[in-house]
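Accompanying notes for the structure given below.
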There are 2 protein chains.
Amino acid sequence: MTESEVMVATGQDAAEPGLTAPASGQRRIRRENVERILKAAELVFAEAGCAGATMTEIADRAGLPKANLHYYFRTKEDLYRAVLDNVLRMWLAPVRSIQPEADPATALAEYVVAKMRLSRTRPNASKVFANEVLHGGGQIQDFLARDLRQLLDQKAEVLDGWIAKGLMAPVDSRHFFFMIWAVTQHYADFDLQIRMVLGRKKLSRQEYERITAEVVRMVLRAAGLNAAADLMDLAGRTG
Amino acid sequence: MTESEVMVATGQDAAEPGLTAPASGQRRIRRENVERILKAAELVFAEAGCAGATMTEIADRAGLPKANLHYYFRTKEDLYRAVLDNVLRMWLAPVRSIQPEADPATALAEYVVAKMRLSRTRPNASKVFANEVLHGGGQIQDFLARDLRQLLDQKAEVLDGWIAKGLMAPVDSRHFFFMIWAVTQHYADFDLQIRMVLGRKKLSRQEYERITAEVVRMVLRAAGLNAAADLMDLAGRTG
DNA sequence: GGAAAACCTGACCGTTTAGTCAAAAACGGA
DNA sequence: TCCGTTTTTGACTAAACGGTCAGGTTTTCC
């Protein structure tokens with residue numbers, strides 16, 4: 001599964017691609033139903049895992065009969081791949097802020113904020129990703145070994161550049177990224193644990209923003225950017 | 001599932017507990033087979049998740065016929081609970097080093113080292129735990145809301161004490177623990193991603209120790225303990 | 001050595017699940 | 001309105017799975 005193959009399932013790979021498919025976008029009904037199915041599937045796959053999810057459950061959540069799912073997606077695995085492809089595409093996006101000419105503290109803070117926002121707004125996507133890596137099927141290995149590796153190499157080089165210029169502490173740039181991924185995704189993947197342990201039913205948006213600021217401070221300090229972290233401290237506590 | 005109920009499955013809760021059970025420990029055969037089954041089960045549950053694991057697969061890995069599993073563990077859920085109980089017990093152990101009178105840098109470093117060692121030596125245990133939290137069944141909620149919450153409250157208080165004395169930066173102690181958990185367990189739960197992205201087939205013990213040192217440095221810096229982290233820098237790079 | 005307890009296991013059963021299919025209904029351009 | 005195309009769906013099948021059980025074998029203890 002290379003990056004170029006990561007795409008929204010248009011459904012054209014199921015049920016005999018319309019050879020006479022009109023250029024004017026897909027049929028309305030197909031587009032709407034595919035979207036509904038993918039949304040329901042992401043939820044169910046996140047809740048139950050790939051093996052634990054059933055087509056019947058997904059169909060019920062989408063408000064469609066099961067046979068209809070098999071009309072748009074030939075097999076359960078096809079549907080799972082489509083969901084996963086969406087998730088992977090989303091995963092790669094927030095890293096853009098890491099650029100050589102950027103200010104390290106600003107860029108890292110922006111990156112963490114973007115990752116935390118993704119954890120809040122799309123926890124199910126993160127869970128599907130986590131589940132897939134956890135039970136390392138062949139599904140995701142190409143993505144990890146090709147696309148993600150290439151991306152990490154690029155961005156690690158940016159950090160190494162900053163370090164060489166003395167702009168941040170001499171961390172191992174790759175493992176520094178692992179730390180950011182681990183911490184930010186933790187708030188989506190382990191949200192049950194976090195809520196139970198904090199005794200909260202749900203984390204409000206305000207609470208989430210406070211947590212995000214805290215995570216940013218810790219990450220900045222881990223990078224040796226204490227001045228920036230302390231500035232945040234001031235802003236966060238007085239604002 | 002309270003902490004007191006967290007225990008190794010002795011098998012006495014399956015197949016009619018021997019009412020005439022001898023005080024001199026369990027029967028040898030039972031003890032050995034239960035251990036083999038639990039070991040195989042932990043592996044399979046980690047690889048496939050709870051729903052994806054099959055009794056047949058576990059039986060094959062344990063080298064026993066499937067019916068034999070049901071002799072020691074009445075149902076798949078009973079077996080899963082037994083595995084999970086082992087995992088949870090292990091999870092709570094390493095936190096001991098966090099004590100009020102300890103030196104923050106030393107205690108935190110020891111804690112991170114212990115958690116990283118657990119990730120290296122028992123990755124499957126970590127994966128079973130992660131999978132359970134991810135798909136939050138009722139199984140683990142009591143543990144999280146009671147035992148883990150209580151433990152976190154205790155240890156957060158220790159950190160707050162250190163902070164009050166000015167021994168470390170004013171972090172949110174609970175979220176600081178979340179960061180440690182996230183980062184250390186990441187190396188077990190996401191080891192596939194880490195190996196793929198680094199282009200390694202397997203991480204050697206030496207590599208793991210280098211990574212552990214790096215993680216310790218980042219955690220210490222995140223806690224504002226830069227002096228200790230820099231000392232480690234020196235030791236790690238010259239030693 | 002003998003009896004009771006513990007252990008073993010092939011064959012079997014009911015349920016759940018992914019996937020199929022054919023016939024009907026809805027759609028949409030001419 | 002008409003006709004080919006797309007969409008819908010209840011009923012069905014085969015396979016996989018968790019769990020059962022009866023009858024046999026081994027172990028343990030006196």
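Sequence lines set the chain letters: A, B, ... in the order given, protein chains first and strands last, and positions in each chain run from 1.
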If you take atom types as modelled and just measure distance, does the side chain of B:Lys76 reach the base of D:dG19 with a donor-acceptor pair under 3.5 Å?
no
So does A:Ile180 get a backbone contact from the side chain of A:Lys115, meaning a donor-acceptor N/O pair under 3.5 Å?
no
So which nucleotide from C:dT20, C:dG19, C:dT9 ends up closest to the side chain of A:Ala67?
C:dT20
Does A:Lys202 offer a backbone N or O that forms a donor-acceptor pair with the side chain of A:Arg195 under 3.5 Å?
no
Counting distance only, does the side-chain N/O of A:Glu110 pair as donor-acceptor with the main-chain N or O of A:Ser97 below 3.5 Å?
no
Sub-3.5 Å donor-acceptor pair from the side chain of A:Ser126 to the main-chain atoms of A:Ser119, do we have one?
no
Rounded off to whole Å, could you give me the CG-to-P distance for the A:Leu64 and D:dT6 pair?
19 Å
Please give, in whole Å, the distance from D:dG18 C1' to B:Glu57 CD?
15 Å
Sugar-phosphate, base or nothing in reach of A:Ala59, heavy atoms under 4.0 Å:
nothing
Judged by atom type as modelled, is there a donor-acceptor pair below 3.5 Å linking the side chain of B:Lys76 to the main-chain atoms of B:Cys50?
yes
Parallel, tilted or perpendicular: rings of B:Phe178 and A:His186 (30°, 60°):
tilted
For B:Glu35, look at atom CD and say whether over 12 heavy atoms of other residues, nucleotides or ligands are found less than 6.0 Å away.
no
Considering just the side-chain nitrogens and oxygens of B:Tyr72, establish if one lies under 4.0 Å of OP1 or OP2 belonging to C:dA6.
no
Rounded to whole angstrom units, what separation is found between the CG atom of B:Asp60 and the C1' atom of D:dC17?
14 Å
A:Asn68 CG - C:dA18 C1' separation (whole Å)
16 Å
Side chains of A:Leu198 and B:His175: closer than 4.5 Å at any heavy-atom pair?
yes
Let me know the distance between NE2 of A:His70 and P of D:dT7, rounded to the nearest Å.
17 Å
What integer distance in Å separates A:Leu79:CG from C:dT17:P?
16 Å
When rounded to whole Å, the CZ to P distance for the pair A:Phe73 and C:dG19 reads 13 Å
Hey, what bend do you get for the helix from C:dG1-D:dC30 to C:dA30-D:dT1 if you fit axes on five pairs at each end, rounded to 10°?
30°
Verify the contact: side-chain N or O of B:Tyr71 to OP1 or OP2 of C:dC8, cut-off strictly under 4.0 Å; return yes or no.
no
Nucleotide by nucleotide, nucleotides 23-30 of chain C touches protein heavy atoms under 4.0 Å in the pattern (B base, S sugar-phosphate only, - none) ----SS--
Of all the nucleotides listed (C:dT9, C:dA18, D:dG19), which has the minimum atom distance to the side chain of B:Pro65?
C:dT9
Examine D:dT7: is either OP1 or OP2 under 4.0 Å from a nitrogen or oxygen in the side chain of A:Arg30? Give yes or no.
yes
Residue that, paired with A:Glu207, satisfies salt bridge (charged side-chain N to carboxylate O under 4.0 Å, His left out) out of A:Arg120, A:Lys201, A:Arg200
A:Arg200
Taking the basic N atoms (NZ, or NE/NH1/NH2) and the acidic carboxylate oxygens, is any pair closer than 4.0 Å for B:Asp60 and B:Lys66?
no
Can you work out whether B:Asn33 or A:Ala51 has the more 5'-proximal nearest nucleotide on DNA chain C?
B:Asn33
Figure out the CZ/C1' separation between B:Arg36 and C:dC8, and round it to whole Å.
13 Å
Output the single nucleotide from D:dG19, C:dA18, C:dG19 whose closest atom is nearest the side chain of A:Thr54.
C:dA18
